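Beneath this line is the structure, given in structure tokens, with notes to follow.
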Amino acid sequence: MLDIKLIRENREFVKNNLMKRGNPENSKMLDALVDLDREWRQNLTKLNDLRHERKIMTTEIATLKKAGKDAGSKVEKAKTLDSEITGIQAEVARAEEKTRDYLMRLPNLLHETVPVGKDENDNVQIRTCGVIPKFDFAAKNHLDLGLNLDIIDIERAGKVTGSRFFYLKREGVLLDMALMSFALEEITKKGYLPVEPPYLMRRQPYEGVTALGDFEDVLYKIENEDLYLIATSEHPMAAMFMNEVLKEEDLPLKLAGMSACFRKEAGAHGKDTRGMFRTHQFNKIEQFVFCKPEESWKLHEELLHNAEELVQKLGLPYRVVNVCTGDIGTVAAKKYDIEVWMPAQNAYREVVSCSNCTDYQARRLGIRYREKEGAPPKGFLHTLNSTAIATGRTIVAILENFQQEDGTIVVPKALRKYMHDIEKISLKR
RNA sequence: GCCGGGAUGGCAGAGUGGAUAACGCGCGGGCCUUGAGAGCCCGUGGACCUUCUGGUCCGCAUGGGUUCGAAUCCCAUUCCCGGCGCCA
């Protein structure tokens, strides 16, 4: 959520920034918002005046009654004043609600270093790292590899849950768990606090952490309950301190979230349909940071660095891209993606997403900070989030990049200690 | 799930239908002091208007209602505490 005061005082600046996202709706909403806000303030002043009048009148009534005198005519007057107040009050409430609605729909302001562009093709590559593997045999895709090794079962998942789900078996399970343990250990070694959040959230906190439009497309809702399955542990971690004032000495507060993630992937029909690349459920270790505004850009780079280090330790070739204005999400001011080389797709594909959401989520959620106990709140925090490791896609990358001619998979050294020192995933006997 | 009790500022805690949300603690500023502390004084939730001096309204978990007037009475919801039930 943007600061309404900033919008009032720097309307053109905000407008120009929003325009970069390439959606003319934003500009229209901004204009409507400013008009509505002016109207709201005018009506609010009127309402306050009327309430003031009533206050005087009720005091007079109280005095009369105490003195044992008749207050009948005053009471009648107060009643008419009351109905007038009720009317304008409704007007103010409607404007307030609509204003908030617009504010909740407007996206975050973009950082000046975000490249202007239309879609993911305009994302700007920042660097590449690692060597793309050359196979002197017919390389297979992760699904064929996984089926041969009997570590993935997609067919039966189709029977039980429908498409985009999977059963992991044997070394597949070990690999998944090893990735989680590896990421969690590496990140917590750096001082991030491990957190296992609830996997379900109410709508109100959810509105604080994400764009309203995401509900239909990405979130699973529990029937007859005000609960949604989380799309990432970022969400319950962000909402964890809703309506709280954190102490400056506790900042930056760095969390390492561990959870399964559930996404409807509505509108992704036909994209990445086979295998484990795009699924309705996967596991993820997530980095999340609450910090003071002046620290957030430095920490954004730290999160990216941490995530890159993990990919490097796994030995996967990747590149980092600066996500452009047309592809960046609603809540982010700037976003880096780490894209790992996927041999079967002959392309770099996203496995990590690293965002600075500045004060956008914190303002929606009411998360502020104070300099010390007893001092008044100083302002809204900044929030940042970044994948550490998402297991589904990382498993895809490991299978495809480290496959051998005989269909076996060499396990990355960094993972072996988390999976019984298995060096190689071998064919089913 | 059922029964009972509760939710008031950063914290503790009064107020049970009629002006300013009492008294503390904490925090900020000032006086005093060589300095610190103690002591004393002032301030310490949000919004709107403003001639920059102030003014007004809102705020007692959340949302409704009753009333000329609600922290206070009624209803619903959420959370916390206790008891019962169920449960890996």
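We name chains A, B, ... by the order of the sequence lines, and we start the count at 1 in each one. Treat the numbers as computed from the prediction; the structure is a model and nothing was measured.
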What is the distance, rounded to the nearest whole Å, between atom [atom1] of [X] and atom [atom2] of [N]?
X         : N      : atom1 : atom2 : answer
Lys55(A)  : A70(B) : NZ    : C1'   : 13 Å
Ile61(A)  : G69(B) : CD1   : P     : 9 Å
Asn48(A)  : C48(B) : CG    : P     : 11 Å
Lys378(A) : G10(B) : NZ    : P     : 18 Å
Asp3(A)   : G46(B) : CG    : P     : 14 Å
Gln204(A) : U62(B) : CD    : C1'   : 9 Å
Glu248(A) : C27(B) : CD    : P     : 15 Å

Are Lys284(A) and Ser259(A) close enough that a side-chain donor and a side-chain acceptor fall under 3.5 Å?
-> no

Indicate, with a heavy-atom threshold strictly under 4.0 Å, whether Lys247(A) touches base, sugar-phosphate, or nothing.
-> nothing

Would you classify Thr45(A) as touching base, sugar-phosphate or nothing, given that sugar-phosphate means primed atoms plus P, OP1 and OP2, and contacts are heavy atoms under 4.0 Å?
-> sugar-phosphate

Does the gap between the ring centers of His300(A) and Tyr336(A) come in under 6.0 Å?
-> yes

Checking G18(B), C58(B), C49(B) against the side chain of Thr58(A) (C-beta onward), the nearest is G18(B)

The residue, Leu47(A) or Arg202(A), whose nearest nucleotide of RNA chain B is more 5′ is Leu47(A)

Would Glu339(A) and Arg349(A) count as a salt bridge (Lys or Arg N to Asp or Glu O under 4.0 Å) if you check the C-alpha gap in whole Å, the side-chain angles of each, and the deciding distance to 0.1 Å?
-> CA-CA 5 Å; Glu339(A) 300 178 339; Arg349(A) 297 299 307 270; over 6 Å; no

Aromatic rings Phe290(A) and Phe241(A): how do their planes relate, parallel, tilted or perpendicular, breaks at 30° and 60°?
-> perpendicular

